[in-house]
Amino acid sequence: MTSDIIIRTDLKPGDLGRIITLHGEGYGREEGHFGLAFEAFVARTVADFVIDNGAKGRVWLAERDGRLVGCTAMVDRGGKGQLRWVLVSPEARGTGLGKKLVNAAIDYAASEGWSEITLETTTGLPASMDLYLRLGFDVVSEEETELWNPHAQKLIHMRKPLP
């Protein structure tokens with residue numbers, strides 16, 4: 001149930017670290033998690049969002065009783081958007097929160113007049129892939145890579161044109 005979850009878009013001190021922690025802990029609890037290298041990658045991309053991109057775009061933070069239980073972001077890529085950091089904590093999954101967050105990001109990109117949205121995901125995340133496909137994203141390419149865990153996976157590039 002998402003009625004007890006508050007979603008906000010104003011970034012406050014500590015929020016960037018909370019996004020990184022949510023990813024580290026969220027994937028760390030699952031079989032075949034991406035490990036510390038993945039958490040470090042998320043930290044780098046979150047830092048790049050602020051340092052290199054000037055925080056152009058918007059971040060959504062979903063909180064229950066002050067605890068971060070979900071997040072996503074739409075990063076401005078110069079007339080296009082990049083969907084980043086889509087994650088719902090295990091205890092909030094199955095509530096529709098992921099769909100709500102991604103739809104908010106899509107609506108934001110459309111309101112900015114951007115032509116398309118891109119995202120990257122990996123194999124091994126069937127719920128995420130299903131959500132992206134249901135929301136109109138298409139697979140553009142796939143490449144075999146080790147990414148953040150020792151087992152080869154596919155990095156999947158997706159896009160969604162906007163009207």
- Message: When you group the ILVMFWY residues by side-chain heavy-atom contacts below 4.5 Å and let the links chain together, are Val140 and Met74 in the same group?
- Response: no

- Flag side-chain contact, heavy atom, 4.5 Å: Tyr27 against Leu125: yes

- Query: Can you pull the side chain to side chain donor-acceptor pair (under 3.5 Å) pairs that have at least one residue in residues 65-78, sequence neighbours excluded?
  - Reply: Arg67-Glu91, Arg77-Gln82

- Message: Between Lys56 and Val75, is there a side-chain heavy-atom distance shorter than 4.5 Å?
- Response: no

- Message: Once salt bridge (charged side-chain N to carboxylate O under 4.0 Å, His left out) is applied, do any residues pair with Arg18, and if so which ones, sequence neighbours excluded?
- Response: Asp15, Glu63

- Mind checking the CZ-NZ spacing from Phe137 to Lys160? Nearest 0.5 Å is all I need. 6.5 Å

- Note: Leu162 and Ala110 closest approach over all heavy atoms is CD1-N, 3.9 Å

- Message: Suppose the criterion is ring-ring contact (aromatic ring centres under 6.0 Å, His included): which pairs have a residue in residues 54-80, not counting sequence neighbours?
- Response: Trp60-Tyr108

- Query: Is there side-chain contact between Asn53 and Asp48, with heavy atoms separated by less than 4.5 Å?
  - Reply: no

- Message: Looking at every heavy atom in both Gly24 and Glu39, which two are closest together, and how far apart are they?
- Response: CA-OE1, 3.6 Å

- Message: Measuring from atom CG of Asn103 to atom CG of Leu135, what distance do you get when rounded to the nearest 0.5 angstrom?
- Response: 5.0 Å

- Note on the structure: Distance col, row Ile156:CD1 vs Ser128:OG, nearest 0.5 angstrom, shows 10.0 Å

- Item | Exercise: identify the closest heavy-atom pair between Ile20 and Ala43 | CD1-CA, 3.5 Å

- Note on the structure: Separation between CD1 (Ile7) and CZ (Arg64), nearest 0.5 Å, reads 11.5 Å

- Note on the structure: Applying salt bridge (charged side-chain N to carboxylate O under 4.0 Å, His left out) to Glu142 and not counting sequence neighbours gives Lys154

- Work out which heavy atom in Pro161 is nearest to a heavy atom in Glu116; give both atom names and the distance. CA-CB, 4.0 Å

- Query: Side chain of Lys99, backbone of Leu131: donor and acceptor closer than 3.5 Å?
  - Reply: no

- Task: With sequence neighbours left out, write down each residue that passes salt bridge (charged side-chain N to carboxylate O under 4.0 Å, His left out) with Glu143, or none if nothing qualifies.
- Result: none

- Message: Using every non-hydrogen atom in the two residues, find where Val86 and Tyr132 come nearest and quote the distance to one decimal.
- Response: CB-OH, 3.5 Å

- Item | Test item: Arg93 side-chain N/O and Val88 main-chain N/O as donor-acceptor pair under 3.5 Å | yes

- Could you tell me which non-hydrogen atom of Val59 sits nearest to which non-hydrogen atom of Ala73, and how far apart they are? CG2-CB, 3.9 Å

- Got a sec, which residues hit side-chain hydrogen bond (donor to acceptor under 3.5 Å, both in side chains) with Thr45, two or more places apart in sequence or on another chain? Trp85

- Interatomic spacing from SG in Cys71 to CG in Leu22 - rounded to 0.5 Å: 5.0 Å

- Item | CD1-CG distance between Ile19 and Leu61, expressed to the nearest 0.5 angstrom | 5.0 Å

- Task: Please assess Asp138 against Met158 for the test side chain to side chain contact (heavy atoms under 4.5 Å, CB included), listing each intermediate value before the final yes or no.
- Result: CA-CA 5 Å; Asp138 295 312; Met158 302 183 81; over 6 Å; no

- Message: Do Arg84 and Phe49 make a side-chain contact, defined as non-hydrogen atoms from C-beta onward lying under 4.5 Å apart?
- Response: no

- Query: With sequence neighbours excluded, what pairs up with Leu16 under the side-chain contact (heavy atoms from CB on, under 4.5 Å) test?
  - Reply: Leu11, Val46, Val50

- Message: According to salt bridge (charged side-chain N to carboxylate O under 4.0 Å, His left out), who are the partners of Asp130, at least two apart in sequence or on a separate chain?
- Response: Arg134

- Residues in side-chain hydrogen bond (donor to acceptor under 3.5 Å, both in side chains) with Arg58, at least two apart? none

